Amino acid sequence: MIWIENIGNYEGKEVVLKGWVYNKRSSGKVRFVLIRDGTGILQAVFSAQEVDENSFDLADKVTQESLVELKGIVRKDERAPGGFELVAKELKLLSSSENYPITKKEHGVDFLLQHRHLWIRSRKQFAILRIRAEVIKACRDFLDNKGFILIDAPILTPTSCEGTTTLFEVNYFDRKAYLSQSGQLYNEAAAAAFGRVYCFGPTFRAEKSKTRRHLTEFWMVEPEASFMELFDIIELAEEMIVYIVERVLEKRKKELEILERDVSLLSNIKRPFPRITYDEAIKRLQEKGFKINWGDDFGGDEETFLSNLYEKPLVIYYYPAKCKAFYMKRLKENPEISLSVDILAPEGYGEIVGGGQREDDLKELEKRLIEYNLPREPFEWYLDLRKYGSFIHSGFGLGIERTVAWICKIKHIREAIPFPRMLDRIYP
RNA sequence: UCCCCGGUAGCUCAACAGGUAGAGCAUCCGGCUGUUAACCGGAGGGUUGCAGGUUCGAGUCCUGCCCGGGGAGCCA
């Protein structure tokens, strides 16, 4: 099987390819048909003398997104997009396509999202989703190489992980269950069993958020490591981000080109990252005239401002405990401060990582459940982790779509997932 | 939930101050021997989101509803 991706290996040879018609152009006695096979796009050239009449005719008549079989000789030619083209010998129609809705001109967002199942065939979406696949592979390779074990957390859960967030409720054999909003708590159990673990999967938030940073279904990779403290986990997150960016730069050059991404900014993503405390962040914001007080969480504008401060991701740590989840360990010297961290991607992208050191003291944790107004019963198993050999441990979650959106420099994270789920949008 | 913007041909949009609904792309027909969202000529294509109101006359003004976009809040 020959794929367009590797077409350069067949220079001068006759090949047969299957693919969908991406575009066609004609100029009298020369016709150009661009076909895509899922790995790339290749231009085929039809000249009247070198091809039979039926094929030449078809090269003019064939419609966008029809499936065709193409025979021809691979030739290097600078005029061809991609550097190689096919001198066509024969074209066969395998399956026709009529009135393909996504044409060569512009379309609106609503229309494209209604046709997402077809939109993913187009060049830019193709590039983004291939980068997404690389980002995911990079996360997994990085953690696997570091000795982390993949232990997936359940999607159906008996209760909220953090209590506050709105959850999707499902009927579970006449009992209530909820779609997971984080694998975090299960990860902690797994960390005690396997040392260093991670889970990777979809998470769900039933918030009525309508912004470019939010989806109701999104993917996270969540490492959790025993014996690691806050600053160990910050280091791990930094290394992981550097690794992801490096891998995309190395393996997805073409896709970044399609997206016209300025790669010099990405090449700059090396350690160390700038690190500031929450207190410093507040000070910087207040200096700029933001109306924000100590104890407030950052809003969208604040996050954008902070993430534009540096060319590298910005590490912000020591958030007020009340901004963070009940399971965050507190600073010994000041229990108002949690051992927590967020990492904001640069170029205005905002938070891609959130994490911290977990409370390992049973009494403290019991107190927190009460403080946060959470029922004890569904968390019994979680408390057990502190009863049977409690251990220092930390972890974080990295949002896949936000990371992909940043690396691809796309405006809205809905394009960073194959089939986005948003408020009022669950089709296709 | 709130604020702002929008809904006109398959798609993207235009239509002055209320006066015969129009262009590009797509489709179909024709032309062009290297096109790069190719280009050039021609043709077909409309319940102006829905319901009501004002008016001699409504795409345009008013009211309600529906749908979408951007943002806020909330959140990762």
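As the structure is a computational prediction, the values presented were derived from the model and not from experiment. Chain letters run A, B, ... following the sequence lines, proteins first and then strands; every chain starts at 1. Note that these values count all heavy atoms, side chains included, but never hydrogens, waters or copies made by symmetry.
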| If you check every side-chain atom of A/Arg25, which of B/C75, B/A72, B/A37 has the closest atom? |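 Looking only at side-chain atoms, A/Arg25 lies closest to B/A37.
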| message | Of the listed nucleotides (B/G73, B/U12, B/G68), which one gets closest to any side-chain atom of A/Arg425? | response |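 The nucleotide sitting nearest to the side chain is B/G68.
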| note | Per-nt protein contacts along nucleotides 22-33 of chain B (heavy atom under 4.0 Å; B base, S backbone sugar-phosphate only, - none) come out as ---SSS----BB
| Pairs touching residues 58-116 of chain A that satisfy ring-ring contact (aromatic ring centres under 6.0 Å, His included), sequence neighbours left out |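 Only A/His107-A/Phe111, A/Phe111-A/His115 qualify under ring-ring contact (aromatic ring centres under 6.0 Å, His included).
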| Inter- and intrachain pairs under ring-ring contact (aromatic ring centres under 6.0 Å, His included), touching residues 13-49 of chain A, at least two apart |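 Not a single pair qualifies under ring-ring contact (aromatic ring centres under 6.0 Å, His included).
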Let me know the distance between [atom1] of [X] and [atom2] of [N], rounded to the nearest Å.
| X | N | atom1 | atom2 | answer |
| --- | --- | --- | --- | --- |
| A/Ile41 | B/A37 | CD1 | C1' | 12 Å |
| A/Gln114 | B/G7 | CD | C1' | 14 Å |
| A/His214 | B/G73 | NE2 | C1' | 10 Å |
| A/Asp110 | B/G70 | CG | P | 10 Å |
| A/His107 | B/C13 | NE2 | C1' | 13 Å |

| task | Please work out which residues in residues 397-414 of chain A have a non-hydrogen atom less than 4.0 Å from an atom of RNA chain B and list them by number. | result |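 When residues 397-414 of chain A is checked for heavy atoms under 4.0 Å from RNA chain B, the hits, listed by number, are A/Arg402, A/His412, A/Arg414.
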| message | For RNA chain B, which residues of residues 303-322 of chain A approach it to below 4.0 angstrom with any heavy atom? | response |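 Within this stretch, nothing sits under 4.0 Å of the strand.
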Run the side-chain hydrogen bond (donor to acceptor under 3.5 Å, both in side chains) test against [X] and tell me which residues pass, sequence neighbours left out.
| X | answer |
| --- | --- |
| A/Ser96 | none |
| A/Asp279 | A/Trp294 |
| A/Lys13 | none |

Run the side-chain donor-acceptor check on residues 341-351 of chain A: report pairs under 3.5 Å with partners two or more places apart or on a different chain.
| residue | atom | partner | partner atom | Å |
| --- | --- | --- | --- | --- |
| A/Asp342 | OD1 | A/Lys324 | NZ | 3.0 |
| A/Asp342 | OD2 | A/Tyr319 | OH | 3.4 |
| A/Asp342 | OD2 | A/Lys324 | NZ | 3.2 |
| A/Glu347 | OE1 | A/Arg261 | NH1 | 3.1 |
| A/Glu347 | OE1 | A/Lys409 | NZ | 2.9 |
| A/Glu347 | OE2 | A/Arg261 | NH1 | 3.2 |
| A/Glu347 | OE2 | A/Arg261 | NH2 | 2.8 |
| A/Tyr349 | OH | A/Ile410 | N | 3.2 |
| A/Tyr349 | OH | A/Ile410 | O | 2.9 |

| request: Hey, which sits more toward the 5' end of RNA chain B by its nearest nucleotide, A/Gly300 or A/Gly354? | output: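 In this pair, the answer is A/Gly300.
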| request: Determine which bases of RNA chain B form Watson-Crick or G-U wobble pairs with both distances under 3.5 Å, and write the result as a 5' to 3' dot-bracket string with | for other-strand partners. | output: (((((((..((((.....[..)))).(((((.......))))).....(((((..]....))))))))))))....
| request: Determine the Euclidean distance between corresponding P atoms of B/U60 and B/G7; express it in Å to zero decimal places. | output: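 It comes out at 11 Å once rounded to the nearest Å.
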| request: With sequence neighbours excluded, tell me which residues meet side-chain contact (heavy atoms from CB on, under 4.5 Å) with A/Lys176. | output: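 Residues passing side-chain contact (heavy atoms from CB on, under 4.5 Å) with A/Lys176: A/Glu169, A/Tyr178.
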| field | Which residues share a ring pair (Phe, Tyr, Trp, His ring centres under 6.0 Å) with A/Phe305, sequence neighbours left out | value |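 With sequence neighbours excluded, A/Phe305 shows a ring pair (Phe, Tyr, Trp, His ring centres under 6.0 Å) to A/Phe290, given in chain and number order.
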